[in-house]
Every structure is written in structure tokens, then in C-alpha cells.
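Down below is the structure, laid out as C-alpha cells.
We name chains A, B, ... by the order of the sequence lines, and we start the count at 1 in each one.
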Amino acid sequence: MAEHRYDPQEIEPRWQQVWADEHTWEVSNDEPVDADDTSYVLEMLPYPSGEPHIGHLKVYSVGDAVAHFHRRTGRRVLHPMGYDAFGLPAENHAIRTGQHPRESTEEAIRSFQRQFREWGISIDWSRELSTHTPEYYRWTQWIFLQLFQHGLAYRKDAAVKWCPNDATVLANEQVIDGRCERCGHIVEVRQLEQWFFRITDYADQLVEELDTIAWPEHVKTMQRNWIGRSEGAEVTFRCEELGIDYPVFTTRPDTLFGATFFVMAPEHPDIERLIEGTGREQEVRDYVNHAASESLEERGDADKPKTGVFLGRHVINPVNGEALPMYVADYVLMEYGTGAIMAVPAHDPRDYAFAQAYGLPIKRVIADPDGSDELPYTGDGPLVNSNPDFDGMYNREALDKIVDWLDREGKGHRSVNYRLRDWLVSRQRYWGTPIPIIHCPVDGMVPVPEDQLPVVLPDVTDYKPKGKSPLAAAEEWVNVTCPVCGGPARRETDTMDTFVDSSWYFLRYTDPHNDQRAFDPEVANRWMPVDQYIGGVEHAILHLLYARFFTKALADLGQLDVREPFERLFTQGMITKDGAKMSKSKGNVVSPASIVDRFGVDTARAYTLFIGPPDQDADWSDTGVEGMHRFLARLWRLSAIAADELPDVPVPDDLSEDGLRVVRKAHWAIDKVTNDMDQRFAFNTAIAAVMELINEVRPERRGDADAGSVRFALATAASLLFPFAPHVATDAYHLLTGRRVWEEPWPAAEQQFLEADTFELVVQVNGKLRDRVEAPADASKDRLLELARSLPNVQAHVDGQQVVKEIVVPGKLVNIVVRS
RNA sequence: GCGGAUGUGGCGGAAUUGGUAGACGCGCGGCGUUCAGGUCGCCGUGGGAGCAAUCCCGUGGAGGUUCGAGUCCUCUCAUCCGCACCA
């Protein structure tokens, strides 16, 4: 007989060809579906750049395992693929080389396509999409217009984050520690007119509806923190000198009586008006100008000493009529609350630092129940120095009473504030979806009529950003006639943030070739929500928040029934090398292609799943990969030999002792793998269980096991391994049974083989393991005790002692408690 | 500062409901196969004592609850991640 050598380079393309020829993984929208029988498994779409890296291999290995498991447990699975193709790296490459971003991007897409096919991922290729194609971005533009027409997209002049290196504005979410998320350059603040999506309208829902989805707790927490919901009150302070009311937001109205000054943000629009005629104009202007010149990083440093300038005006504290001096200080932010605060130095560390620096009064109004006099005190306690009505009252109770009282007096009311800001979506860059708006001197901002979509991205020769979009140079494209009045008008030249493209792609997959609309709501509702979404934690805020916002907005616009896009989320950990993130500059990159060349893709895929719990970071080990290859080779070789040399007979009814052991192990493995797949994402232990099964049928271990039971155990191992290493599993299963494993239902463990007639009884004395003994599974408690006491080593520890207590856990152990 | 997570052999990790700590894999040691070799197969492998049976110690640290704790409770240390002048 031919030598039995595992040859992945032959096996893998052979089965990939079958799947491609037969369109095995495609699902049609024409077949009627029952929601219970369908499953939508989705990995975050890749940004195509260069070659796929090991992280891609891991996500798609995880996703494919889930997709295969869902299919074989009787569901129709939607498992599509696409590309997040717009974005800065391709554009920066174009600036350096002059190569059109479309060319370099499509080159990368071809490379991704080729590798995903070589990886044997079970993708429905008939639904493939890319966000940079007019067929796709036409509908991105359409959604933009829907949002615009419903007031959810708007343009306004605002202080925005600007990256001088990338020469574009950024969303708040794209600024990390005062630096550009993409290039790491220090971000500036500029006053510019920009496009925003009104995501803050959904702040409340975005927090509350987190409770309805099965996401990892840390991701939910990150979203909650980002949205930053605070409950408190808005309280009005009046500047009598000018007759102007200044509302402030505070989470601590219980400390109102302790307010001793009032602070405004340097950007507050009323500063000029307030200082006029006070003689303090120059000093204040110098301070405001200095604050404006600071970078976000400098300004945002909480450890920086507090600075500020007196404005020469006062406001009245509504609870006691005291006049409080007004200051301008850069620790107050214009973007949060009302851009002005009441300062309570006794109970706020920042106000305390400011009061110390400027010699302002500090008035304690909440006592420390522990009797400490230390300030600032931010804890709870009874009110003091406030007002006879409230003094002595516990502060949390007083808080409500004070707000009620302000409300009755018309001086304040309950209020909720969010840290979340509206999503700034316009970018002054070329390689993105054009914003479908026309600016007309007569009619203002006019949407491009739907029948004129898409607004196709024109070709330009110079991609270099010059503070405005490179599109502005495409004069022929920019100059249009106004759709309303027919007069001369100009197109919007900004493009959209690429996160807009990826905020709805999961809907397009459900109906990818529809040229009448973005998607048919009836079809989308059939598949949505995504049953299992898989991706990296780095998207915990940006993408996942935006996609949730889009889904809610589209639902409100009547396009969709679901309000949450991703029912379950799984965030996979990073694969590192020598403890560090892989990067070209560190030279520690493991390329999937090199692993696939050496060992085949099954080894590479199974290893990324076996390396550790898939949600945790794991370090790549070259010898670990070899171990996985050894295991797959052993599984295939044992199967091939068994197929050749053992008679093709079923599992006999009267199993030999060895045969029974092997069959039991197979059923144990079925039970274990099924549980690990279904209940949790424990692929590492699932694969370990298959390894145990294979170890049990190695020739030197299986003894006199019947041919039928050996074949059964091997076929079961192949069947269970299929979601992780589909090619070798398919081939081994086919050799043994002549059938296609992907068409077989997931195996079911039979109870009779899960339960043995005997078990190993563990015997403890005083909780310490002293011996073990084989015991009948149906033995009574008394019988187990009797068995336990008969053991010599147990007797040695019990003799001469007084037995205090005897614990019997049937099927497990006996514990004899003694006292000397 | 606030919030979240994680600490188990030489290494990655397992232990699903409080019940045999260390499954599975890597590495290492020994033996075998091979002319030789990265190969392949078998056996062994937490630490300590002992010829051995066996005993003692052992899940970051200190206490506690329990017949019994990696698992539950209190305190504590370390590491990682997110947010952070958000009133």
C-alpha cells in the first residue's frame, strides 16, 4: 500500500476546489427561512493593506469554527466577507508614490482574497463587497441623506480636533491622549465648519440598550465610560451687573451652599461682553489667547497647576444670594455642560487647587462622618453651614430636596449630561465616500437628488492635503448646477470618515446586489441581528458605538426592525511574538503565508485556536506550531492506515473491553467538544479533547479494540476537528467513511457511553487524599464507606482516632473526618 | 483618581456547580528507529524526603468560612487595559 504521509499541500487545494465548484457555503435569500434556523456569523471586515497578518488568521479561524458548528447543528449560516477599502494609509501611499489609492487598495484586496481562499474559510463569496465601489458607497451616500433630511446630519462651526500631519479634522473618538489615533501627531484645536452626526440624541439609548445584548462586560463598560452619563442639575447663576443668566451643570447640587466662586471656559462666547468696561480687558484677552494656543495634550494635563484670571464681574448664588467672583480658567471645558461651573473648593479637588492658588475662600458644607477636617472632602455626610432647612440632613437626601426647591423657585432643574459629543464625520481627504451635498448661494445646502447617486469620486492628480480636500482641485467635478434653482453651485468637497462606511456593511451583506435600495428591510430583518460578531477589542468604542448608532437611527427611519446590530460579541486577543506586538520595525512578524507554506493552513488555523483561550492575548511559539502539525499528521495517518487496513465494519454490539474504552472516549470527546463550542468559546480545550481521543486510539494504546470501534473513534475525531482544521478533517473522514463531513450532522453523545459501570472513588481522611478505589457506579453510600474503610492506607490514618464525621459524595469521593 | 481584567510547573495553559491541582501541548531527560540529520515512535517529567510503600509542601501574599478552597469572603501586592481637569 502507498505510504501514509500527511500532505496538506495536496489535501487542502483539493477540497477547496470542491467547495468552490459546488458553492458550498452560499446561502440564498430565495429560500424561505425560519428565524430559528438561521444564523449570521460575522467577523469584522478587514482593512485591505499589504498582506493579511496573523491577527486576520485568528479572527477568521474563530469565526469559521463558529460558522461550521452552527451549520452542522442544523442552521443556515450567513457568513460573508468584504473590505473596508477607503482610508488614509492608501492615500498616504498615493502621496508618496503617485499610485492611485484605488490601484494599491485593489491590489491588496486581491491578495486578501487569494489568501482567504487558501485558508479555506467557509465564506459566501456571492455576497462579497467593498466599501470603495460606487455600488456600495452610493448607499452610504443615500443613508447620509436620510440622516440629513431627518436632522441627524448637520453642519456647524465648532472648535474641532485637527491633525496637522494628516491635515484633516478628527472625531473625538480618534484622539488618544491628545494625539492622532492614526499617526500619533499632537492634535490641535481649530474653529471650523464641519459635518456632524447627531449621535448624542441616542446617548441614553446607547447606554440603556447595552443591557439587552450579550457582550463582554469590559466592552460594555468601555462604552458606558465613553458615553459618560452623569445625573445632576442645571442651576442658574445670575450676573446682576449685566442682567445675564448663566446656567451651570453640577452633579453635586448638595454642595451649592459651599460655592465661593464661579469659573468660565476660555472659549466661552460671553467673555468679551463680560469684561467690557472692567479695566481687565487686556489681562483676560492675554489669558484666553494663551489657552487657545495650547495643544490638547498640554491643556488636558490634570496635574498642571491651575491658572485663571478674574473677570471683574460677579454672579449671585441662587440658594443664598451671595455674590461670587467670576473667573476664566482653562480647567473648565467649553464642550462639557454649559462651559461654566460653580466652584466648591471644599468638596472638589480642582476647585480646591484653584482656590489655594488664588487665595479664594473655602467653605465646608458637608461634614465627614469620621470627624476628619481634611479638605477637599468628596465623600458623603451631613450638611453643615448651609441653611437651617438642610443643615444636619444627609447630603444625598439634601441633594434631592435642594433640586426640588430650585425647581419650584425657577432657578434650576434636574438634568443629565453626557461626555459623548456628536460624531464629526467630514474629512478633508481624498480617499473616502464623497458627501452628497451641493452648496448653492441661493438655496444653501441642497442634497444631491437620489436619482443622481452615487456622487462618484473623481480622479485627481495631486493627493496632497492642503487644509482642504484634494477634491476641491477637481474644478469640473466641483462646479455644478443647483438641483433646486438651476443656478451655479459647488459640490461639498469633504469626504466621509471611513467609520461611516463600516457602520452599515453588515446590513448590505443581507442584500448585497440590490440596486434599488441599500437593502430590502424585509430581507435584512430575516438575518439581523448578527448572531455572533467577532473582532478585536480595539474597536470597542469607535466602530461598535457607531454601528449601534446607525442601527438605531435606521430603525427610527423605518428601514429596520432591530435596534441592536450585534446580538453577541466576541473579542479575540492579540497574538504576540516574544511578548511584544508584531511589527515590521521590531522584525518579529510571523506571516501566515510562511506558516501555511511549511505546514499547511489547517496547522496554522488550529494552532491559533489551540494557543490559549481565544479572547486572551497569546504568544506565538514556533515549536508549538510543530506540535500541532504532529497532531494533525498523526490523526490523518492513523485514519489513512485504518481505512486501508481495518475491515470497514460498524461498532459491534458486544464490544471488547478495549473497544468499549475507545468508544466511551469518543463519546466523552463529543460531549466535551460540543459543550466547549456551544457554551463558551473554549476552542483550546475542545482541540485538547480531540487530542486525548487520538491518544486513546494510538496502536500501542488501543490494545484489542475492535476494528469498528477504532474506525468510529477516528471518524469521530475527524468530525469534531472539522470546525478547526476543515481540510484534514474532511479528508480523514472521507477516507474512513466515504462521506463528506460538512454534510453530516454534528455528532451526538450517547448517554449509555458517557456513564461507566464503575468509577474511581477518591478517599480522603480529614480532606487529604489517602487512596483511590474502583467502585460500582450504583453502590449505596454505605457500600462506598465500607469500601473506603477497607483500604489499608485509609485504615492506617483512621485507626486509633475517633471518627467525627463521614462525608459521601456519590460518584466522587468519601471523606472521613477523625480526631485524635 | 475612576472603572475593568489577570496572577496556577521551565513555558502556553486545564480544572464547567466548593470535591483527585497541573488535562492537552511545548520544552526537557531517557530509550528505540535511522549511515546521519531538523524527522518519527515509546517512556518519564510540580518541589522536597525516602531503597520503597509512603509522607510533607504547593495555585502572587496574609487572614477567614468549610468535612473539604485555585474556586467563596476580607485585607493586601503585582501586572495589563480603558477613561481621565467631564464639574
Side-chain angles (χ1 to χ4, degrees), chain A residues 176-177 216-226 228-230 232 248-252 255 263 265 299-304 306 329-333 335-344 347-351 353-354 378 417-421 537-538 540-541 607 610-613 615-628 630-631 633-634 637 672 675-676 679-680 682 684-692 694-695 698-701 760-772 792-793 796-797 804-809 811-818:
Chain A
I176 312 291
D177 294 332
E217 206 45 53
H218 69 280
V219 176
K220 290 188 182 183
T221 304
M222 279 162 79
Q223 293 222 346
R224 278 191 204 101
N225 286 348
W226 185 261
R229 184 178 200 274
S230 308
V248 301
F249 173 74
T250 177
T251 54
R252 297 293 305 275
T255 64
V263 192
R299 171 94 184 256
D301 182 5
D303 298 330
K304 178 176 95 154
K306 298 280 175 288
D330 66 0
Y331 78 93
V332 175
L333 310 174
E335 314 92 86
Y336 188 77
T338 61
I341 62 155
M342 65 164 192
V344 185
H347 303 290
D348 181 291
R350 297 152 303 176
D351 296 343
F354 191 85
T378 54
N417 244 278
Y418 298 93
R419 212 185 70 98
L420 182 71
R421 311 282 148 68
V537 248
E538 64 273 19
I541 294 173
Y607 179 64
F610 182 66
I611 189 168
D615 57 335
Q616 282 171 33
D617 290 353
D619 205 56
W620 184 268
S621 150
D622 291 329
T623 50
V625 185
E626 287 172 23
M628 180 53 68
R630 256 197 299 277
F631 163 64
R634 186 180 297 138
R637 194 177 57 248
K672 170 81 178 145
N675 250 300
D676 286 350
Q679 308 297 317
R680 36 201 221 145
N684 53 332
T685 51
I687 293 170
V690 182
M691 287 175 168
E692 284 195 52
I694 288 296
N695 285 340
R698 281 148 87 143
E700 53 284 334
R701 291 247 195 109
E760 193 176 57
L761 178 71
V762 168
V763 184
Q764 301 177 333
V765 178
N766 283 351
K768 283 198 165 145
L769 175 71
R770 291 306 175 190
D771 212 342
R772 308 159 217 245
N793 199 42
H797 285 89
V804 180
K805 202 171 185 179
E806 288 164 325
I807 316 269
V808 181
V809 184
K812 277 254 161 64
L813 59 75
V814 166
N815 186 14
I816 302 170
V817 185
V818 297

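Straight-line distance from the CG atom of A:Asp348 to the P atom of B:G1: 16 Å, rounded to whole Å. Atom CZ in A:Arg630 sits about 12 Å away from atom P in B:G38, given to the nearest Å. Rounded to whole Å, the distance from CE on A:Met222 to P on B:A84 is 11 Å. Nucleotide B:C43 holds its P atom 6 Å from the CD atom of A:Glu700, rounded to whole Å.
Summarising the geometry, atom CD1 belonging to A:Ile816 is positioned 14.0 Å from atom NZ belonging to A:Lys805; distances are rounded to the nearest 0.5 Å. The line from CG of A:Leu333 to CD1 of A:Ile341 is 9.5 Å long, rounded to the nearest 0.5 Å.
Against the 90° criterion about 0, the sugar-base torsion of B:G9 places it in the syn range.
Going from the C1' atom of B:U71 to that of B:G60 covers 16 Å, rounded to whole Å. Taking atom C1' on both nucleotides, B:G4 is separated from B:A84 by 15 Å, rounded to a whole Å. B:A21 sits 23 Å from B:A78 when the C1' atoms are compared, rounded to a whole Å. To the nearest whole angstrom, the two P atoms, one in B:G10 and one in B:G58, are 16 Å apart.
Remark: A:Thr221 pairs with A:Glu217, A:Arg224, A:Asn225 by the side chain to side chain contact (heavy atoms under 4.5 Å, CB included) rule, at least two apart or across chains. Considering only residues two or more places apart in sequence or on other chains, A:Pro349 meets the side chain to side chain contact (heavy atoms under 4.5 Å, CB included) condition with A:Pro376, A:Thr378.
Each of A:Asn225 and A:Met342 was assigned the nucleotide of RNA chain B with the nearest heavy atom; the assignment lying further toward the 5' end belongs to A:Asn225.
For A:Lys672 against B:U16, a side-chain N or O and a base N or O form a donor-acceptor pair under 3.5 Å.
Counting only Watson-Crick or G-U wobble pairs whose defining distances are both under 3.5 Å, the stems of 3 or more consecutive pairs in RNA chain B are B:1-7 with B:77-83, B:10-12 with B:24-26, B:27-32 with B:40-45, B:46-49 with B:54-57, B:60-64 with B:72-76.
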